[in-house]
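For reference, the structure is listed below as structure tokens.
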Amino acid sequence: MNLSERPAARMNLVGGRLCLDFVNTVGGWNPDPSSGKNGPYAAVPRADKLNDYFDLLAWSLHTGLFSENEAQALAREAGRREKEAAATLKRAVALRGAIYRICAAVIHESLPRAADLDLLNRELNVANGRVRLGVGEENFVWEWTDTKNALDRMLWQIADSSAEMLTTDDLTRLRGCPGKDCGWLFLDLSKNSRRQWCDMQACGNLAKVRRFRQRQSS
Ligand SMILES: [Zn+2]
């Protein structure tokens with residue numbers, strides 16, 4: 001199966017953390033008009049890049065989570081276990097929404113919704129159940145177990161990445177891109193902490209052109 005031709009395999013990886021690149025598997029995040037008082041924490045994905053399980057595989061291959069061989073083996077497995085593959089995609093999309101909203105809450109300096117934190121914790125429990133202590137070269141190392149046929153193994157790593165970021169990173173550097181129809185998330189790792197756009201080429205320049213046109217027409 002040709003996974004690398006899929007849009008999910010050509011996403012711009014600018015989040016700075018795996019979990020944020022995962023949140024950015026959409027064209028953009030639009031504010032949910034029905035969100036009412038939930039305001040900025042509720043958003044709906046626009047131009048979703050994860051439309052079936054194979055998109056999820058394609059993205060995992062693109063980010064280097066899996067090798068080509070591993071991804072192809074899982075693709076064959078998914079063909080045999082269609083229902084489970086569909087359920088995994090559903091879990092992935094739910095996890096993505098929860099991570100997005102938790103991050104949006106952080107950015108807006110408010111508390112995340114309990115339901116979102118619960119969902120992330122459930123996925124973390126699954127991930128933690130797949131970790132074992134193995135023998136490394138100098139120290140012992142954490143290893144993932146039973147990775148071969150586990151259709152959901154990318155979710156373990158995404159949940160793990162979220163927990164890692166939320167517990168250890170400087171969250172005042174978490175940002176949402178203000179580009180029109182964008183809303184992608186990223187961790188500002190720049191020295192001066194003044195990164196504004198998900199990608200200067202994509203959103204930054206567009207905004208410049210838009211400002212220029214506005215000035216000309218006024
Ligand atoms: Zn952007």
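Worth saying up front: this structure is predicted, and the values here are computed from it rather than measured. FYI, side chains are in, hydrogens and waters are out, and symmetry mates aren't considered; it's all heavy atoms of this structure. Counting starts at 1 for both ligands and their atoms, following the listed order.
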Under 2.8 Å from the Zn ion (ligand 1), how many protein N, O or S atoms can be found?
4
Candidate pair T147 and W156, rule side chain to side chain contact (heavy atoms under 4.5 Å, CB included), full reasoning:
CA-CA 10 Å; T147 52; W156 315 343; 4.2 Å; yes
Is M200 reachable from F186 through a run of hydrophobic residues whose side-chain heavy atoms are each under 4.5 Å from the next?
no
Mind jotting down which residue pairs meet the salt bridge (Lys or Arg N to Asp or Glu O under 4.0 Å) criterion with at least one end in residues 12-25? Sequence neighbours excluded, please.
R17-D169
Which atom of T167 lies closest to which atom of A163, heavy atoms considered
OG1-O, 2.7 Å
Can you give me every donor-acceptor pair (side chain of residues 60-68, partner residue at least two apart or in another chain, under 3.5 Å) with its distance?
unit_1, atom_1, unit_2, atom_2, d
S60, OG, L56, O, 2.8
H62, ND1, A9, O, 2.9
H62, NE2, M11, O, 2.7
T63, OG1, W59, O, 3.2
T63, OG1, S60, O, 3.0
S67, OG, E70, N, 3.1
S67, OG, E70, OE1, 3.3
E68, OE2, Q72, NE2, 2.7

Could you work out, with side-chain contact (heavy atoms from CB on, under 4.5 Å) as the rule, every residue matching V14, not counting sequence neighbours?
N12, W184, R195, C198, D199
